[in-house]
Amino acid sequence: QWQLVESGGGLVQPGGSLRLSCVASGFNLSYYAIGWFRQAPGKEREGVSCISSRSGNTDYVDSVKGRFTISRDNARNTVYLQMNSLKPEDTANYYCAATAYCSGYVQSVYDYWGQGTQVTVSS
C-alpha cells in the first residue's frame with residue numbers, strides 16, 4: 001500500500017522526448033497533488049513540476065517551462081510528465097511524490113515518494 005512507482009526513464013539524445021509515468025497503488029491518486037522532483041549526480045534534489053488534485057492546475061520551475069508538461073489520468077491512477085526538447089542538464093533521477101496541495105516544492109510536505117526513474121540525455 002501507499003506506493004508510487006515511476007517508469008519511462010531511459011537514454012535519449014538531446015532534443016528528444018520521454019514520457020514519465022507515476023502510478024499509485026494502495027491509495028487514490030485523484031485525492032492528491034503530485035509533484036515531480038529530480039536529482040542529478042552531485043546535486044540536491046529539486047522540484048520540477050506539480051499538478052493539483054481537483055483543479056488540475058499545473059506548475060513548472062523556470063528551467064523546464066515550455067518543454068515539460070504534467071498531466072493526470074485519474075481513471076488510471078497515473079500522473080505523467082511529458083518531457084520534450086531534452087537537454088543534457090535534464091539528466092537526473094526523477095521522482096514523483098504525493099501531497100495534499102501544490103504549494104511549492106518543500107519536500108517535507110510530500111507524503112509518499114517513488115523510488116525514481118533515471119533519465120539520461122546524451123549524444
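In this structure, OG1 in Thr91 is found 7.5 Å from CD in Gln118, a value given to the nearest 0.5 Å. Summarising the geometry, atom CD belonging to Gln115 is positioned 11.5 Å from atom OG belonging to Ser7; distances are rounded to the nearest 0.5 Å. Distance check, rounded to the nearest 0.5 Å: OH of Tyr94 to CD of Gln39 gives 12.0 Å. The OG1 atom of Thr69 sits 11.0 Å away from the CE atom of Met83 when rounded to the nearest 0.5 Å. For the atom pair Arg54 CZ and Tyr101 OH, the distance stands at 7.5 Å (nearest 0.5 Å). Asn77 contributes atom CG, which lies 9.0 Å from atom CZ of Arg72 (distance to the nearest 0.5 angstrom).
When all heavy atoms of Ala100 and Ser53 are compared, the pair lying nearest together is O-OG, 4.2 Å. Contact between Leu86 and Val12 at its shortest, heavy atoms only, is CD1-CG1, 3.5 Å. Summarising the geometry of Ala33 relative to Cys50, their closest heavy-atom pair is CB-SG, 4.3 Å, with the distance given to 0.1 Å. When all heavy atoms of Gly56 and Ile51 are compared, the pair lying nearest together is O-CG1, 3.8 Å.
In terms of modelled atom types and a separation under 3.5 Å, the side chain of Gln107 and the main chain of Arg45 share a donor-acceptor contact. For the pair Glu6 (side chain) and Cys22 (backbone), a donor-acceptor distance under 3.5 Å is absent. For Ser52 (side chain) and Asn57 (main-chain N/O), a donor-acceptor pair under 3.5 Å exists by modelled atom type. No side-chain donor-acceptor contact under 3.5 Å links Tyr110 to the backbone of Tyr105. Listed for the Asp59 side chain is no donor-acceptor partner under 3.5 Å among the backbone atoms of Ser49.
Tyr80 carries Arg19 over the face of its six-membered ring, with the cationic atom under 6.0 Å from the centre and within 45° of the normal.
Under the side-chain hydrogen bond (donor to acceptor under 3.5 Å, both in side chains) criterion, the residue pairs touching residues 22-33 are Asn28-Ser30, with sequence neighbours excluded.
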Chi angles and distances behind the side chain to side chain contact (heavy atoms under 4.5 Å, CB included) call for Val61, Trp36 | CA-CA 10 Å; Val61 296; Trp36 282 97; over 6 Å; no
Please lay out, stage by stage, how Leu29 and Leu4 fare under the test side chain to side chain contact (heavy atoms under 4.5 Å, CB included).
-> CA-CA 9 Å; Leu29 191 63; Leu4 292 171; 4.2 Å; yes
Test side chain to side chain contact (heavy atoms under 4.5 Å, CB included) applied to Glu89 and Val121, step by step | CA-CA 8 Å; Glu89 51 263 45; Val121 184; over 6 Å; no
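Residue-environment remark: NZ (Lys65) exceeds the threshold of 12 foreign heavy atoms within 6.0 Å.
Val5 and Phe37 fall into different hydrophobic clusters, where Ile, Leu, Val, Met, Phe, Trp and Tyr side chains are chained together by heavy-atom contacts under 4.5 Å. Residues Leu18 and Val23 are members of separate hydrophobic clusters, defined by side-chain heavy-atom contacts under 4.5 angstrom among Ile, Leu, Val, Met, Phe, Trp and Tyr.
Applying the salt bridge (Lys or Arg N to Asp or Glu O under 4.0 Å) test to Arg76 and every residue at least two apart in sequence or in another chain returns Asp73.
Note: Tyr112 and Trp2 have parallel aromatic rings, judged against thresholds of 30 and 60 degrees for the angle between ring planes.
For the side-chain contact (heavy atoms from CB on, under 4.5 Å) with Phe68, the lone residue among Val48, Thr58, Leu20 that qualifies is Val48. A side-chain contact (heavy atoms from CB on, under 4.5 Å) with Cys96 is found for exactly one of Leu81, Val79, Ile34, namely Ile34.
Between Asp90 and Lys87 no salt bridge is recorded (no basic side-chain N to carboxylate O distance below 4.0 Å).
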